[in-house]
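Please read all numbers here as calculations on a predicted model, not as lab measurements. Numbers for residues simply follow the sequence, beginning at 1.
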Amino acid sequence: MLVEAPKPFKTSTYRIGANFRLLGSPPIEHAELFLTVCGIERCSPDKAYGPMIRDDFHVHFVLSGKGTLNVGKNTYHLCRGQIFVTPPGVEIYYFSDPEDPWYYTWVSFSGSKAAMYLEKAGITAEHPVRDMYIRPEEFLTYTENILNHHELTIIDELTRTALLYEILALLIRSRRQNQTEHHQKPELDYAPDLYVNHAVAYIHEHYAHMQVRDIAEYIGITRSYLTHIFKQKLKVSPQEYLFNYRMEEGRRLLCATNLSVQEIAEQIGYENPLTFSKIFKNAYGLSPKHYREKVNPRNETK
């Protein structure tokens, strides 16, 4: 009986040359994101790649020098502080400047969410070039760290993947910071319902010691947008929701516990019990003391 020999599989490779460091990793099927290649290269004059069509994303960070990228019919001239991407399925060709050849680091990856993450970073097949907005060396630090974790082990594989996610997070964060600095409308990552639900859960947990700006900062959206989606979804502002929840908690404690009015006031975020009593009376028509007596006459009022 003949037994079929196991098929060879591609293992990770790590190479060092006079002008480059390169790490290649085996592909991972059905993953949201996985590293394929990472490297650093100081190119010689007129060094070219292509024309070719790749099946993964190659993101290059130009550290110094110059070069040219051709994507389809478009030509881009690049220099330090710029990023260029060669997208999958598109013919590309790029080469270094003959007099001032570029020095770049790159990270290549694929996965079901790869295109979406790059789009959040402002990079698409139609717009494959953008500025870094931060020092190029910040990206170099991450790719060097990936290259230093070149062992074919689960530990290094997880570390490389984590660093790849951090690079993409840095790409998106740097773009958002640039948008903020130029007073551009912030880009949102999730549906309004999710932000509202998250905000409501946060209020329920921290209502006694918070302000509306704390909610917005915790979630990562502007206060004005938080107010907009609260009014849209709940028909009240975040401030009104927070106030109503505090009053409802105060009412519940009056009905269900023997805590003093002062203790209840402190527990729901009012240092002065007189302030709490005044606000409570405006909300329910009775002072906390009289409300408790009305709801539960046997409950001793303190």
Can you name the one residue among Arg130, Glu138, Gln179 that meets side chain to side chain donor-acceptor pair (under 3.5 Å) with Ser174?
->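 Looking at Arg130, Glu138, Gln179, the match for Ser174 under the side chain to side chain donor-acceptor pair (under 3.5 Å) is Arg130.
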
Minimal non-hydrogen separation, [X] against [Y], with atom names:
| X | Y | result |
| --- | --- | --- |
| Tyr291 | Cys255 | CE2-SG, 3.8 Å |
| Ala265 | Pro273 | CB-CA, 3.9 Å |
| Arg21 | Leu147 | NH2-CB, 3.5 Å |
| Arg223 | Val212 | NE-CG1, 3.7 Å |
| Pro98 | Pro45 | O-CB, 3.3 Å |
| Gly250 | Phe280 | C-CE1, 4.4 Å |

Using side chain to side chain donor-acceptor pair (under 3.5 Å) as the criterion, list what pairs up with Thr159, not counting sequence neighbours.
->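 Per chain and number, Thr159 pairs via side chain to side chain donor-acceptor pair (under 3.5 Å) with no residue.
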
From [X] [atom1] over to [Y] [atom2], what is the distance, rounded to the nearest 0.5 angstrom?
| X | Y | atom1 | atom2 | result |
| --- | --- | --- | --- | --- |
| Ile229 | Ile221 | CD1 | CD1 | 4.0 Å |
| Thr180 | Arg175 | OG1 | CZ | 11.0 Å |
| Glu32 | Phe109 | CD | CZ | 13.5 Å |
| Lys231 | Leu226 | NZ | CG | 11.0 Å |
| His77 | Gln82 | NE2 | CD | 11.0 Å |
| Leu33 | Lys113 | CG | NZ | 10.0 Å |

Sorted by first residue and then second, give each salt bridge (charged side-chain N to carboxylate O under 4.0 Å, His left out) pair with at least one member in residues 44-73; sequence neighbours left out.
->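 Every salt bridge (charged side-chain N to carboxylate O under 4.0 Å, His left out) pair that includes a residue of residues 44-73, provided the two are not neighbours, is Glu41-Lys47.
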
Please say yes or no: joined through hydrophobic side-chain contacts below 4.5 Å, possibly via intermediate residues, are [X] and [Y] part of one cluster?
| X | Y | answer |
| --- | --- | --- |
| Leu158 | Ile167 | no |
| Leu274 | Tyr270 | no |
| Ile53 | Val90 | no |
| Val107 | Met132 | yes |

Verify salt bridge (charged side-chain N to carboxylate O under 4.0 Å, His left out) between Arg176 and Asp189, making sure each step is shown before the conclusion.
-> CA-CA 12 Å; Arg176 300 281 172 84; Asp189 297 317; 2.7 Å; yes

For [Y], is there any backbone N or O sitting under 3.5 Å from a side-chain donor or acceptor partner on [X]?
| X | Y | answer |
| --- | --- | --- |
| Asp214 | Gln211 | yes |
| Arg160 | Leu35 | no |
| Arg80 | Leu63 | yes |
| Asn145 | Thr141 | no |
| Thr275 | Glu271 | no |
| Thr36 | Ser108 | yes |
| Asp131 | Tyr133 | no |
| Glu205 | Tyr202 | no |
| Thr105 | Val62 | no |

Within-4.5 Å side-chain heavy-atom neighbours: [X] and [Y]:
| X | Y | answer |
| --- | --- | --- |
| Pro192 | Tyr225 | yes |
| Tyr245 | His204 | yes |
| Asn70 | Ile92 | no |
| Thr161 | Phe34 | no |
| Leu286 | Lys294 | yes |
| Leu22 | Ile40 | no |
| Ile268 | Leu253 | yes |
| Cys43 | Tyr103 | no |

May I have the step-by-step check of side chain to side chain contact (heavy atoms under 4.5 Å, CB included) for Gln267 and Ile264, ending in yes or no?
-> CA-CA 5 Å; Gln267 191 162 320; Ile264 292 173; 5.5 Å; no

Using the side chain to side chain contact (heavy atoms under 4.5 Å, CB included) rule, take Leu140 and Phe61 through it: C-alpha gap first, then chi angles, then the decisive distance, then the call.
-> CA-CA 8 Å; Leu140 176 62; Phe61 307 92; over 6 Å; no

Tyr94 and ring pair (Phe, Tyr, Trp, His ring centres under 6.0 Å): which partner among Tyr76, Trp106, Tyr49?
->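 Only match with Tyr94 under ring pair (Phe, Tyr, Trp, His ring centres under 6.0 Å): Tyr49.
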
Does atom NZ of Lys233 have more than 12 heavy-atom neighbours, drawn from other residues, nucleotides or ligands, at distances under 6.0 Å?
->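 For Lys233, atom NZ is crowded (more than 12 foreign heavy atoms under 6.0 Å).
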
For Glu119, does the CD atom sit with more than 12 other heavy atoms under 6.0 Å from it, leaving out its own atoms?
->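 Open: at most 12 neighbouring heavy atoms sit under 6.0 Å from CD of Glu119.
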
Check step by step if side chain to side chain contact (heavy atoms under 4.5 Å, CB included) holds for His206 and Tyr218.
-> CA-CA 11 Å; His206 304 281; Tyr218 178 78; over 6 Å; no

Could you tell me whether Arg251 and Glu248 make a salt bridge, using a distance below 4.0 angstrom between a side-chain N and a carboxylate O?
->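 Here Arg251 pairs with Glu248 in a salt bridge, since their nearest N and O are under 4.0 Å apart.
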
Got a salt bridge between Arg252 and Glu249, using NZ or NE/NH1/NH2 to carboxylate O under 4.0 Å?
->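 Yes.
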
Are Tyr93 and Phe95 an aromatic pair by the rule of ring centers under 6.0 Å?
->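 Between Tyr93 and Phe95, the centre distance is under 6.0 Å.
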
Which class fits the ring pair [X] and [Y]: parallel under 30°, tilted 30 to 60°, perpendicular over 60°?
| X | Y | value |
| --- | --- | --- |
| Phe230 | Tyr241 | perpendicular |
| Tyr165 | Tyr117 | perpendicular |
| His60 | Phe84 | parallel |

Would you say [Y] and [X] are linked by a side-chain donor-acceptor pair, where the criterion is simply a distance under 3.5 Å?
| X | Y | answer |
| --- | --- | --- |
| Ser96 | Arg42 | no |
| Thr86 | His58 | no |
| Asn178 | Arg173 | no |

Hey, which of Arg246, Glu266, Met247 is the one that makes side-chain contact (heavy atoms from CB on, under 4.5 Å) with Phe276?
->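 Result: among Arg246, Glu266, Met247, Met247 is the only option passing the side-chain contact (heavy atoms from CB on, under 4.5 Å) with Phe276.
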
Could you give me the CA-CA distance, side-chain angles and deciding distance for Tyr195 and Leu188, then say whether side chain to side chain contact (heavy atoms under 4.5 Å, CB included) is met?
-> CA-CA 10 Å; Tyr195 287 119; Leu188 301 170; 4.1 Å; yes

